[in-house]
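Just so it is clear, the values below take in all heavy atoms, side chains as well, and ignore hydrogens, waters and symmetry mates.
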Amino acid sequence: KIDWWSNVYGFNMDCIGKVAMMEPLVDIVEPNQICSQSAVMARFDIKTMKKEDAAFTSSFRIPVTRKDYVHAFVAYFDVIFNDCHKPIGFSTSPRATSTHWKQTVFYLKDTLIVNPGDSIMVTLSSGPNQKNPRDLDINIGYQLSNGEGSWHGKQEYKLR
C-alpha cells in the first residue's frame, strides 16, 4: 500500500507516501496476516486513572510465530468491565469478532524478515498532540536481529 505512491499511473508521488506513512491506518486486519503473538503495551484502570496517565511510554517484546515478512505493527484493545454483578468485556483483536473500532495499522519503513522464535523489541510512546489534544502523537522504535539481517528504526505517527 505504501510502495504504490512510487508509481501512481506513471507519476512518482513519494512525497505523499511519506505523509501517508505518518498516519496510522484504521482498518480490519485478517487473522492470517498476523505472524506473531500479541504483546501488552499498556493497561489502564478507568476507575482510577488520571488524564495524564493516557500519555505513556512502554517497552515490550513481540514473539514471532512463523516465517514471514513484517510490514507493519497492528494495535488493538481489550475491555473488561469487572466491577459489576455480571462482568462483561470484548476484544478488538484481529483474532476476535470484528467491531466498528477495527484495528490500527502502523506501517514500517523497513520490511522485517522474521522466523519462528524471533522477538521484535519495541518501544512505543503515545501522548496528546500539543495543538489538538484529541489527536495523538505516537513514536515507535523497533529492533530485530536474526540470521536474515538486522533492523532498527524509529518512526513518528500522527493519529487524527
Side-chain angles (χ1 to χ4, degrees), residues 1-8 11-44 49 51-78 91-96 98-160:
K1 292 182 179 182
I2 298 302
D3 291 338
W4 182 79
W5 292 105
S6 297
N7 182 358
V8 181
F11 294 95
N12 184 334
M13 304 291 283
D14 279 336
C15 57
I16 294 174
K18 290 176 186 172
V19 174
M21 286 287 291
M22 290 184 70
E23 188 166 338
L25 174 67
V26 177
D27 202 359
I28 291 177
V29 177
E30 296 298 326
N32 64 352
Q33 295 177 302
I34 305 296
C35 66
S36 71
Q37 295 177 15
S38 297
V40 175
M41 69 177 171
R43 292 183 192 274
F44 300 101
M49 75 180 286
K51 180 175 82 168
E52 299 80 35
D53 296 337
F56 66 92
T57 298
S58 175
S59 294
F60 50 95
R61 179 179 67 86
I62 301 174
V64 176
T65 57
R66 71 171 190 239
K67 183 172 182 61
D68 212 330
Y69 297 95
V70 173
H71 301 277
F73 295 127
V74 177
Y76 66 91
F77 62 91
D78 296 335
S91 177
T92 63
S93 165
R95 294 181 176 110
S98 296
T99 70
H100 71 280
W101 282 292
K102 303 178 184 177
Q103 293 86 40
T104 304
V105 180
F106 296 89
Y107 282 107
L108 300 174
K109 294 177 201 170
D110 296 321
T111 297
L112 314 180
I113 304 170
V114 296
N115 296 296
D118 288 348
S119 288
I120 305 170
M121 301 307 295
V122 180
T123 300
L124 183 141
S125 298
S126 177
N129 179 274
Q130 294 298 317
K131 292 180 183 175
N132 184 351
R134 293 180 58 128
D135 293 347
L136 288 178
D137 292 338
I138 301 167
N139 293 295
I140 299 177
Y142 56 90
Q143 197 170 344
L144 169 69
S145 290
N146 61 21
E148 308 289 344
S150 183
W151 298 268
H152 65 325
K154 185 172 183 178
Q155 289 181 232
E156 295 180 12
Y157 301 90
K158 308 288 184 194
L159 188 58
R160 310 267 181 249

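Judged by distance alone, the side chain of Ser58 and the main-chain N or O of Met41 form a donor-acceptor pair under 3.5 Å. A donor-acceptor pair is defined here as one N or O able to donate and one able to accept, closer than 3.5 Å; no such pair exists between the side chain of Asn146 and the backbone of Asp118. Judged by distance alone, with hydrogens and angles left aside, the side-chain atoms of Thr92 form a donor-acceptor pair with the main-chain N or O of Phe77 at under 3.5 Å. In this structure a side-chain-to-backbone donor-acceptor pair under 3.5 Å is present from Tyr157 to Tyr107. Proximity of a side-chain donor or acceptor of Glu23 to a complementary backbone N or O of Leu159 within less than 3.5 Å is not detected.
Residues Ala54 and Phe44 approach most closely at CA-CE2, 4.3 Å, considering heavy atoms. When all heavy atoms of Asn115 and Lys67 are compared, the closest pair comes out as OD1-NZ, 3.2 Å. Closest approach of Pro24 and Lys158 over heavy atoms only: CD-O, 3.3 Å. Closest heavy-atom contact between Leu108 and Ala72: CG-CA, 4.0 Å. The nearest pair of heavy atoms linking Ile34 to Arg66 is O-NH1, 3.1 Å. When all heavy atoms of Ala55 and Gly127 are compared, the pair lying nearest together is CB-CA, 4.0 Å.
Residues Gln33 and Pro94 fail the side-chain proximity criterion, which asks for heavy atoms closer than 4.5 Å. Taking the side chain as every heavy atom from C-beta outward, Asn129 and Arg160 approach each other to under 4.5 Å. Using a 4.5 Å heavy-atom cutoff, the side chains of Asp135 and Pro128 are not in contact. In this structure, Ile28 and Glu30 have side chains that are in contact, with non-hydrogen atoms separated by less than 4.5 Å. Residues Val105 and Phe73 fail the side-chain proximity criterion, which asks for heavy atoms closer than 4.5 Å. Contact annotation: the side chain of Phe60 never approaches that of Val40 to less than 4.5 Å [non-hydrogen atoms, C-beta and beyond]. Considering only heavy atoms from C-beta on, Leu124 stays 4.5 Å or farther from Thr57 through its side chain. Using a 4.5 Å cut-off on side-chain heavy atoms (C-beta onward), Gln155 and Asn139 make no contact.
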*asked:* Under the criterion side-chain contact (heavy atoms from CB on, under 4.5 Å), I'd like the reasoning laid out for Thr65 against Gln37: C-alpha separation, chi angles, the key distance, then a yes or no.
replied: CA-CA 7 Å; Thr65 57; Gln37 295 177 15; 3.7 Å; yes

_side-chain hydrogen bond (donor to acceptor under 3.5 Å, both in side chains) between Tyr76 and Ser38, worked out_ = CA-CA 10 Å; Tyr76 66 91; Ser38 297; 2.8 Å; yes

*Test side-chain contact (heavy atoms from CB on, under 4.5 Å) applied to Val70 and Cys35, step by step*: CA-CA 8 Å; Val70 173; Cys35 66; 3.7 Å; yes

*Might you work through the side-chain hydrogen bond (donor to acceptor under 3.5 Å, both in side chains) test for Thr123 and Ser59, ending with a clear yes or no?*
CA-CA 4 Å; Thr123 300; Ser59 294; 3.1 Å; yes

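In summary, the side chains of Ser6 and Asp14 do present a donor paired with an acceptor at a separation below 3.5 Å, with no hydrogens or angles considered.
Other residues, nucleotides and ligands contribute at most 12 non-hydrogen atoms within 6.0 Å of the CZ atom of Arg134. Residue Arg43 qualifies as open at atom CZ: its count of foreign heavy atoms under 6.0 Å is 12 or below. Surrounding CD of Glu156 are at most 12 heavy atoms belonging to other residues, nucleotides or ligands under 6.0 Å away.
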